[in-house]
*Asks:* 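Got a structure for you, written out below as structure tokens; questions coming shortly.
Both counts, for ligands and for their atoms, begin at 1 and track the order of listing.
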Amino acid sequence: MALNAHALVAITDARGVIIEVNDNFCNISQYSREELTGQTHRIINSGYHPKAFFKDLWQTIARNEVWSGDICNRAKDGSLYWVQSTMVPLVGKNGKPERYIAIRADITSKKDAEATTRHIALHDALTGLPNRRLMTKRLKSAISIKEQQPGYGALLLMDLDYFKEVNDMLGHDVGDELLQQTALRLSRSVRDTDTVARFGGDEFVIILDNLGVNIDIATSNAKSIGEGVRMAVTDPYHLGHHQLEVTPSVGVVLFNNENEDSQELLKQADIALYAAKEAGRNQLLFFEPALQIETIKRTLLAQDLRQAIDKKELVLFYQPIVNAQHQIQGVEALLRWLHPQHGLVTPDTFILLAEEQGLIVPIGEWVLETACKQLAIWQQDPKHKALTMAVNISVRQLNQTNFVDMVKQTLARTGACSKQLMLEITESIFQDNVSSAIAKMNALREEGIRFSLDDFGTGYSSLTFLKRLPIDNLKIDKSFVDDILDDSRSLAIALALISLAKDLKIQVIAEGIETPEQMKWLQRNGCDFFQGYLFSKALHPSDLHKVLENTALP
Ligand SMILES: Nc1nc2c(ncn2[C@@H]2O[C@H](COP(=O)(O)O[C@H]3[C@@H](O)[C@H](n4cnc5c(=O)[nH]c(N)nc54)O[C@@H]3COP(=O)(O)O)[C@@H](O)[C@H]2O)c(=O)[nH]1
């Protein structure tokens with residue numbers, strides 16, 4: 001009959017002992033008819049369902065009712081299979097079930113497909129780790145469990161320092177492999193009961209549970225596990241033919257039954273991560289309420305900064321640059337923000353913010369325009385027409401595809417002479433697409449614009465790149481100038497930089513000069529130009545005009 005041909009059929013007595021099975025039942029369970037007869041269905045129990053599941057099944061059929069549901073069984077070889085089951089009681093003369101007939105259909109492939117879909121929906125395709133959705137679910141459940149089992153857990157938010165640069169310089173395939181290897185290292189650094197998830201991009205989340213009921217012990221446990229994670233990521237990576245060293249920054253927040261909001265916890269971990277980046281990267285920092293206050297302040301400042309150009313709150317100050325005779329040769333334009341509540345804000349406070357908020361491009365364009373207008377005014381005045389104007393250019397500005405056109409158009413609009421414009425770039429351009437930066441610099445140098453390399457030696461210097469960079473000036477950073485007379489290392493670095501610049505036929509500007517002794521040393525050792533508080537601080541345009549009338553500074 002058709003039922004026998006397609007379904008898996010078993011008949012049991014009232015106690016559930018198998019009396020009869022059809023061939024389909026034998027095939028799927030891999031047991032022979034002889035092995036099954038006389039046994040109960042326990043022989044194919046997979047252990048997947050809780051006891052309550054079968055209790056409900058038995059109670060239903062014992063009431064002479066039909067039970068249906070999906071059951072996961074185990075075949076003789078240990079493999080699992082799913083059946084859609086209908087259990088029908090056959091009632092005897094006494095009104096009680098005498099026999100049970102179980103009619104089942106194999107739904108293993110449907111269940112497998114559902115499991116795959118569920119896995120895809122909850123896991124990251126690249127690393128196989130739980131994704132943001134599953135992580136949020138697990139975080140919520142870790143928090144709610146704390147109501148019955150008091151104690152602390154921790155949420156770690158980690159990202160890879162300079163991951164974008166790896167992607168940009170070595171390509172997305174290498175970037176992907178780095179993420180895969182990182183995922184593996186993270187999973188191996190924590191216990192099986194902890195969760196490692198990919199949050200998106202190069203951000204990973206780790207949920208650590210059972211860190212103890214005492215906050216100090218829990219903090220110390222979270223710290224040592226977190227440091228272990230950080231160290232695991234710092235080991236060199238072998239990616240194809242590249243060997244790479246990568247560092248992570250980690251933000252940590254502890255939780256117990258008092259923190260109910262998973263989103264708030266993530267926000268706090270993010271604040272701690274930001275602070276770890278600010279503190280110089282490759283660090284692990286715990287969330288503190290004071291950090292949240294800083295974030296609020298930063299958000300408010302970012303809102304104000306967005307309107308600063310339109311409200312005409314930005315001002316350019318100019319710091320004189322002198323020659324060996326202390327005569328002013330030019331100035332460096334330095335941005336200031338006249339904030340209505342906070343007063344004069346220096347760029348150290350807001351340039352990084354402007355970079356993060358994507359405001360550095362419009363602000364940088366305003367700086368260039370304002371500086372070029374000033375340059376054009378001086379060029380009309382015979383006394384000041386030889387002055388040069390140095391303008392700081394952020395790497396984000398240089399990366400803009402229209403950067404060359406923007407600079408040319410600004411010069412044309414303001415009438416400033418390109419030969420007296422000097423663009424100051426920093427060695428952070430080494431972290432990005434250097435070839436494209438070089439092409440843009442060359443295009444602008446053809447127009448007569450000169451380039452100066454600022455802060456050289458303080459970050460990611462590469463002598464190879466320096467050789468390729470079309471620069472006219474090298475600035476010795478204030479940090480070396482500060483110590484040239486007291487620290488043999490700073491002295492050695494300053495000497496090496498001057499000698500390197502001379503070999504490359506590049507002029508040297510020393511900045512941050514505060515004492516006559518520093519000036520003498522720098523002059524004696526071959527620096528061409530000098531800048532620092534010894535001569536003048538950055539001045540408001542009206543104060544600069546008074547100084548320019550003297551042309552020579554102390
Ligand atoms: N992308 C842009 N960056 C800009 C712009 N304007 C400024 N900046 C960058 O901000 C950083 C801080 O600048 P600032 O507070 O203006 O400080 C400059 C000088 O005032 C200071 N300086 C110079 N001489 C001395 C000294 O003798 N002592 C002392 N304590 N400080 C001194 O150094 C800063 C000059 O920096 P540099 O550019 O490296 O020559 C700074 O990194 C600016 O670059 C802008 O418009 N765009």
Side-chain angles (χ1 to χ4, degrees), residues 305 308-309 313-322 326 328 330-339 343-375 388-400 403 406-407 410 421-429 451-459 461 471 473-485 497 508-519 522 527 529-541 543-544 553-554:
L305 188 56
I309 300 183
E313 291 169 359
L314 297 182
V315 189
L316 274 194
F317 273 41
Y318 299 98
Q319 185 176 33
I321 299 173
V322 303
H326 299 204
I328 301 176
V331 295
E332 177 180 358
L334 291 162
L335 187 58
R336 300 289 181 264
W337 179 10
L338 275 172
H339 191 281
L344 194 71
V345 188
T346 54
D348 278 338
T349 324
F350 67 87
I351 287 286
L352 189 65
L353 187 66
E355 301 244 6
E356 284 164 11
Q357 303 286 323
L359 294 170
I360 195 68
V361 173
I363 289 178
E365 288 180 9
W366 178 88
V367 168
L368 187 67
E369 175 96 16
T370 310
C372 285
K373 277 183 188 159
Q374 181 61 75
L375 193 57
T388 58
M389 174 70 76
V391 176
N392 286 285
I393 299 293
S394 133
V395 67
R396 285 244 188 150
Q397 282 179 273
L398 193 64
N399 282 346
Q400 297 293 302
F403 180 72
M406 186 278 292
V407 177
T410 307
L421 179 64
M422 173 95 68
L423 299 183
E424 286 196 8
I425 53 165
T426 64
E427 49 187 352
S428 56
I429 73 152
F451 279 88
S452 197
L453 186 59
D454 205 0
D455 306 340
F456 186 73
T458 57
S461 322
I471 51 167
N473 290 290
L474 186 72
K475 282 186 105 170
I476 300 190
D477 190 66
K478 179 178 180 306
S479 56
F480 300 122
V481 172
D482 278 345
D483 295 335
I484 33 170
L485 300 174
L497 288 181
V508 182
I509 304 174
E511 69 177 351
I513 306 167
E514 293 184 347
T515 68
E517 291 73 28
Q518 290 169 340
M519 171 64 184
L522 290 160
C527 280
F529 298 102
F530 311 86
Q531 184 181 353
Y533 289 180
L534 176 65
F535 314 106
S536 170
K537 289 194 171 185
L539 299 169
H540 187 273
D543 294 328
L544 179 75
L553 286 164

*Asks:* Please list the nearest protein heavy atom to atom 22 (N) of ligand 1 with its residue and the distance rounded to 0.1 Å.
*Replies:*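 Heavy-atom neighbour on the protein nearest atom 22 (N) of ligand 1: Tyr533 CE2, 3.9 Å.
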*Asks:* Apply side-chain contact (heavy atoms from CB on, under 4.5 Å) to the pair Leu497 and Val508, showing each step before the final yes or no.
*Replies:* CA-CA 9 Å; Leu497 288 181; Val508 182; over 6 Å; no
*Asks:* For atom 19 (C) of ligand 1, which of the options Leu334, Asp348, Asp454, Leu314 provides the nearest non-hydrogen atom?
*Replies:*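 The option holding the nearest heavy atom is Leu334.
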*Asks:* Of all the non-hydrogen atoms in the protein, which one sits nearest to atom 6 (N) of ligand 1, and at what distance?
*Replies:*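 Scanning the protein heavy atoms, the shortest distance from atom 6 (N) of ligand 1 goes to Leu335 N, 3.0 Å.
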*Asks:* Counting C-beta onward and ignoring hydrogens, is there a side-chain heavy-atom pair between Gln397 and Leu368 closer than 4.5 Å?
*Replies:*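 The answer is no, as the side chains (C-beta and beyond) never meet within the 4.5 Å cut-off.
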*Asks:* Do Glu355 side-chain atoms and Ile351 backbone N/O form a donor-acceptor pair below 3.5 Å?
*Replies:*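 Pair absent, no side-chain N/O of Glu355 close to backbone of Ile351.
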*Asks:* Do the side chains of Leu453 and Lys475 get nearer than 4.5 Å, heavy atoms only?
*Replies:*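 Result no, sub-4.5 Å side-chain heavy-atom pair not found.
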*Asks:* Which protein heavy atom lies closest to atom 42 (O) of ligand 1, and at what distance to 0.1 Å?
*Replies:*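 Going by distance alone, atom 42 (O) of ligand 1 is nearest to Asp455 OD2, 4.7 Å.
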*Asks:* Counting each atom of ligand 1 from 1 as listed, which ones have a heavy atom of Lys475 under 4.0 Å away?
*Replies:*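 Within the 4.0 Å cut-off of Lys475, ligand 1 contributes 40 (O).
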*Asks:* Among all protein non-hydrogen atoms, which one is nearest to atom 36 (O) of ligand 1, and what is the separation to 0.1 Å?
*Replies:*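 Closest protein heavy atom to atom 36 (O) of ligand 1: Glu511 OE1, 3.9 Å.
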*Asks:* Considering only heavy atoms of Glu332, which atoms of ligand 1 have at least one such atom less than 4.0 Å away?
*Replies:*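 Under 4.0 Å from Glu332, ligand 1 has these atoms: 37 (P), 38 (O), 40 (O).
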*Asks:* Please work out, at 4.0 Å between heavy atoms, whether the side chain, the backbone, both, or neither of Lys537 comes within that distance of ligand 1.
*Replies:*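 For Lys537, there is no contact with ligand 1 at all, from either part.
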*Asks:* State the atoms of ligand 1, each with its element, that fall below the 4.0 Å cut-off from a heavy-atom position in Gly532.
*Replies:*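 Those qualifying, in numeric order: 24 (N), 27 (O).
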*Asks:* Considering only protein heavy atoms, determine whether one is less than 4.0 Å from atom 3 (N) of ligand 1.
*Replies:*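 When distances to the protein are checked, atom 3 (N) of ligand 1 has a heavy atom within 4.0 Å.
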*Asks:* For atom 16 (O) of ligand 1, what is the nearest protein heavy atom, given as residue, atom name and distance?
*Replies:*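 The protein heavy atom lying closest is Arg336 NH1, 2.8 Å.
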*Asks:* Does the Gln518 side chain pair with the main chain of Glu514, one donor and one acceptor, at a distance under 3.5 Å?
*Replies:*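 At least one qualifying donor-acceptor pair exists.
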*Asks:* Do Phe451 and Ile393 have side-chain heavy atoms sitting under 4.5 Å apart?
*Replies:*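 Phe451 vs Ile393: side chains apart.
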*Asks:* Who's the nearest protein heavy-atom neighbour of atom 13 (O) of ligand 1, and how far?
*Replies:*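 Closest protein heavy atom to atom 13 (O) of ligand 1: Pro347 CG, 3.4 Å.
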*Asks:* Give me the residue, atom name and distance of the protein heavy atom closest to atom 30 (N) of ligand 1.
*Replies:*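 Closest protein heavy atom to atom 30 (N) of ligand 1: Lys478 CE, 3.0 Å.
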*Asks:* What's the shortest distance from atom 28 (N) of ligand 1 to any protein heavy atom, and which residue and atom give it?
*Replies:*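 The closest heavy atom on the protein side is Glu514 OE2, 2.6 Å.
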*Asks:* Under 3.5 Å, is there a donor-acceptor pair linking the side chains of Glu332 and Asn392?
*Replies:*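 Present: a donor and an acceptor within the cut-off.
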*Asks:* For Arg336 and Pro347, which heavy atoms make the closest approach, and how far apart are they?
*Replies:*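 For Arg336 versus Pro347, the nearest heavy atoms are NH1-CD, 3.2 Å.
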*Asks:* If we set the cut-off at 4.0 Å for heavy atoms, which region of Asp477 has an atom near ligand 1: side chain, backbone, both, or neither?
*Replies:*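 Neither part.
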*Asks:* Check each of Leu316, Asn392, Val481 against atom 44 (O) of ligand 1 and report the one with the nearest heavy atom.
*Replies:*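 The residue whose heavy atom sits nearest atom 44 (O) of ligand 1 is Asn392.
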*Asks:* Check this for me - ligand 1, Thr346, N or O atoms closer than 3.5 angstrom, yes or no?
*Replies:*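 Thr346 vs ligand 1: no N/O contact under 3.5 Å.
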*Asks:* Search all heavy atoms of Thr370 against all heavy atoms of Tyr318 and return the closest pair with its distance.
*Replies:*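 Of all heavy-atom pairs spanning Thr370 and Tyr318, the closest is O-OH, 4.1 Å.
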*Asks:* Quick check: does Gln319 get an N/O under 3.5 Å from an N/O on ligand 1?
*Replies:*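 Min N/O separation from ligand 1 is below 3.5 Å for Gln319.
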*Asks:* Hey, what do you get for OG (Ser394) to CG (Leu359), rounding to the nearest 0.5 Å?
*Replies:*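 Separation between the atoms: 11.5 Å.
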*Asks:* Is there side-chain contact between Leu314 and Ile363, with at least one heavy-atom pair below 4.5 Å?
*Replies:*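 A side-chain contact exists here, since the closest heavy-atom pair is under 4.5 Å.
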*Asks:* Look at atom 25 (C) of ligand 1 and say whether a protein heavy atom is found at less than 4.0 angstrom from it.
*Replies:*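 It does; a protein heavy atom is within 4.0 Å.
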*Asks:* Quick one: does Gly512 get a heavy atom under 4.0 Å from ligand 1?
*Replies:*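 Judged by the 4.0 Å heavy-atom criterion, Gly512 does count as contacting ligand 1.
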*Asks:* Distance from Phe403 atom CZ to Glu365 atom CD, nearest 0.5 Å?
*Replies:*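 Between atom CZ of Phe403 and atom CD of Glu365 there are 9.0 Å.
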*Asks:* Is atom 33 (O) of ligand 1 near the protein, in the sense that some protein heavy atom lies at less than 4.0 Å from it?
*Replies:*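 For atom 33 (O) of ligand 1 the answer is no, since every protein heavy atom stays at 4.0 Å or beyond.
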*Asks:* Does either side chain, that of Ser479 or that of Asp477, offer a donor lying less than 3.5 Å from an acceptor on the other one?
*Replies:*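 Indeed, the side chains of Ser479 and Asp477 share at least one donor-acceptor pair under 3.5 Å.
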